[in-house]
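These figures come from a predicted structure and were not determined experimentally. Atoms within each ligand, like the ligands themselves, are counted from 1 in listed order. These numbers come from the heavy atoms of this one structure, side chains and all, not from hydrogens, waters or symmetry mates. Heads up: numbering here begins at 1 and tracks the sequence.
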Amino acid sequence: MKRTPAHAYLGFGSNLEERRENITNGLAMLRESGQVKIIKISSLYETEPMGYTRQGLFLNAVALVETDLSPQDLLSLCKSVEVQLGRKPTVRWGPRILDIDILMYFMESGDTLPSDSENVIQVELDTQALTLPHPRMWERGFVIIPLAEVSPNLLMADGRRIKSLIQDFRMWTGLRLFETGPWWQEVGVNCKGWQIMRFAEVESTNTIAVNLASFGAPEGTCIIAETQSAGRGRRGRLWHSPSGGLWLSILLRPKIQSPDVGWLSLIAGVAVSSAIRDTFQLPAVVKWPNDVLVSGKKVCGILPETRFIGDEMDFAVVGIGVNVAIDTSLLPRKVQETSATLVSPDHPFASEAREALTVSLLDNFSLLYRQFLSEGFSGILQEVKEYCDTLGREVIVSHLGMPVHGIAVDIDSDAGLIIRTESGEDIHVMSGEVSIRVPGAGYACE
Ligand code: BT5
């Protein structure tokens with residue numbers, strides 16, 4: 001009888017020469033051995049070295065693989081790949097071309113993945129050559145975060161799911177997202193694909209993304225800046241972007257004809273709200289069409305910009321600004337009254353928290369965007385409605401230059417807001433300034 005293949009998690013690390021290529025070459029060699037099938041790979045993370053710290057930054061990733069090899073034979077294969085790629089003996093935790101560790105190894109009694117706990121047996125080993133599970137993996141953010149990305153539902157010994165560790169911002173110490181997606185396409189697995197470009201200070205991440213798009217940059221390019229000197233809001237308004245916030249722009253190239261981009265703002269709004277809920281356990285909601293609020297205060301603004309050639313969209317840039325850990329006293333007094341930051345800039349893990357939010361946000365955005373492309377806006381409408389706090393509220397929206405007053409009763413299949421006026425007429429508004437009536441206090445938020 002043919003044995004059901006085992007599953008293993010492998011950790012990859014490289015901090016010498018072409019780090020990214022070292023890891024992709026290692027993955028390709030494992031696959032080409034014919035004895036390892038690569039099922040899923042995490043994003044690439046750049047991490048500060050531990051132990052021997054006078055060396056360059058590492059790139060790390062985790063892969064889930066399927067194999068017929070025993071743990072010992074899998075280890076031999078990994079070590080021979082390291083050697084073929086030029087790894088030389090070095091000090092413990094010293095610089096290396098490529099390190100491949102077996103983190104965990106699961107035997108299956110059925111055709112299941114390790115996150116389905118019932119049919120799997122985790123192999124435990126303690127020999128001189130190999131200890132399983134890897135003895136130090138739980139203390140290492142550069143293992144846990146990518147592992148949680150690959151298998152968020154993996155059960156830990158204490159019964160918790162590994163995804164719960166993502167919210168422990170200490171895990172993100174010394175870690176930042178380097179690249180997701182295309183880096184491992186070469187090894188033959190599909191991906192979700194964000195190519196991250198980081199800047200210290202820019203005028204506006206949207207301006208950079210629009211320029212790159214005009215020069216042919218691909219879908220999935222993502223610009224992140226520490227600060228913006230001329231961040232933009234809608235209609236020429238200023239977006240204040242001190243350090244501590246997440247200021248990013250995503251480049252998309254959907255082949256669609258509708259000139260209206262309300263769906264883009266709403267996808268981004270849901271992706272941000274859901275990421276804030278997961279990462280900070282704060283009750284984030286979408287205020288139609290382009291804000292995210294926590295307890296009535298604006299914590300995020302969204303700015304889509306598009307270019308069409310003829311009837312077809314050439315590109316869309318979605319600018320997203322999130323006040324993750326900003327000093328709100330740097331904002332003008334009036335803006336302070338309507339806005340908030342998710343955590344204080346003095347939070348000991350503020351920058352780690354921002355990194356965790358970024359990864360979660362990009363993951364959510366990918367899922368929603370792909371669903372939108374395959375099913376249209378109606379495919380994500382229900383989720384949008386669940387996050388949209390504007391529904392059921394008394395609002396005033398400026399529509400065709402005139403204020404429309406009524407109750408926001410629904411969102412239509414074009415992402416427009418349906419407002420029922422006092423006379424019972426339903427007016428569909430495509431985008432606009434929404435003021436929400438706070439009982440007993442006039443209209444709030446713009
Ligand atoms: C927005 O415009 O809310 C869209 C903001 C988009 C910002 C991102 S950051 C990355 C990317 N690059 C850019 O240059 N832009 C995007 P709007 O709905 O027009 O709201 C602008 C108004 O929000 C301003 O007039 C202020 O009242 C308020 N505001 C400005 N900065 C803020 C902040 N940091 N937090 C909260 N509110 C702010």
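For the residue pair E305 / N206, a side-chain donor-acceptor distance below 3.5 Å is found, with atom types taken as modelled. Between S14 and N22, the side chains place a donor N or O and an acceptor N or O closer than 3.5 Å (distance only, hydrogens not considered). With 3.5 Å as the limit, one finds no donor-acceptor pair spanning the side chains of W194 and T221.
The atoms of ligand 1 that sit less than 4.0 Å from any heavy atom of L238 are 24 (C), 30 (C). Ligand-side atoms of ligand 1 in range of N323: 33 (C), 34 (N), 35 (N), 36 (C), range being under 4.0 angstrom from any heavy atom. Near I320, meaning under 4.0 Å from one of its heavy atoms, ligand 1 places the atoms 8 (C), 9 (S), 10 (C). With ligand atoms numbered from 1 in the order given, ligand 1 contributes 14 (O) to contacts under 4.0 Å with heavy atoms of G231. Below 4.0 Å from some heavy atom of T205 lie the following atoms of ligand 1, by number and element: 10 (C), 11 (C), 12 (N). Residue S204 approaches ligand 1 through these ligand atoms, each under 4.0 Å from one of its heavy atoms: 12 (N), 13 (C), 14 (O).
Between F372 and W263, the ring centre distance stays below 6.0 Å.
Contacts between N290 and ligand 1 below 4.0 angstrom, taking non-hydrogen atoms only, involve the side chain exclusively. If you look at I302 next to ligand 1, the close heavy atoms, those under 4.0 Å, all belong to the backbone. Looking at R237 against ligand 1, only its side chain comes within 4.0 Å, counting heavy atoms.
For atom 20 (O) of ligand 1, the candidate residues are K298, Q228, R234; the nearest heavy-atom contact is made by K298. Comparing heavy-atom distances from atom 13 (C) of ligand 1 across R232, E305, R235, E203 singles out R232 as nearest.
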**OP:** Show your reasoning for whether side-chain hydrogen bond (donor to acceptor under 3.5 Å, both in side chains) applies to Q228 and E203.
**Re:** CA-CA 5 Å; Q228 299 184 113; E203 280 188 6; over 6 Å; no
**OP:** In sequence, state the C-alpha distance, the side-chain angles, and the governing distance for F280 and F169, and then conclude on ring-ring contact (aromatic ring centres under 6.0 Å, His included).
**Re:** CA-CA 10 Å; F280 296 95; F169 299 137; 5.5 Å; yes
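With respect to R198, the salt bridge (charged side-chain N to carboxylate O under 4.0 Å, His left out) criterion is satisfied by exactly one of E355, E46, E179: E355.
In this structure, R19 forms a cation-pi arrangement with F178, its terminal cationic atom sitting closer than 6.0 Å to the ring centre and no more than 45° off the ring axis.
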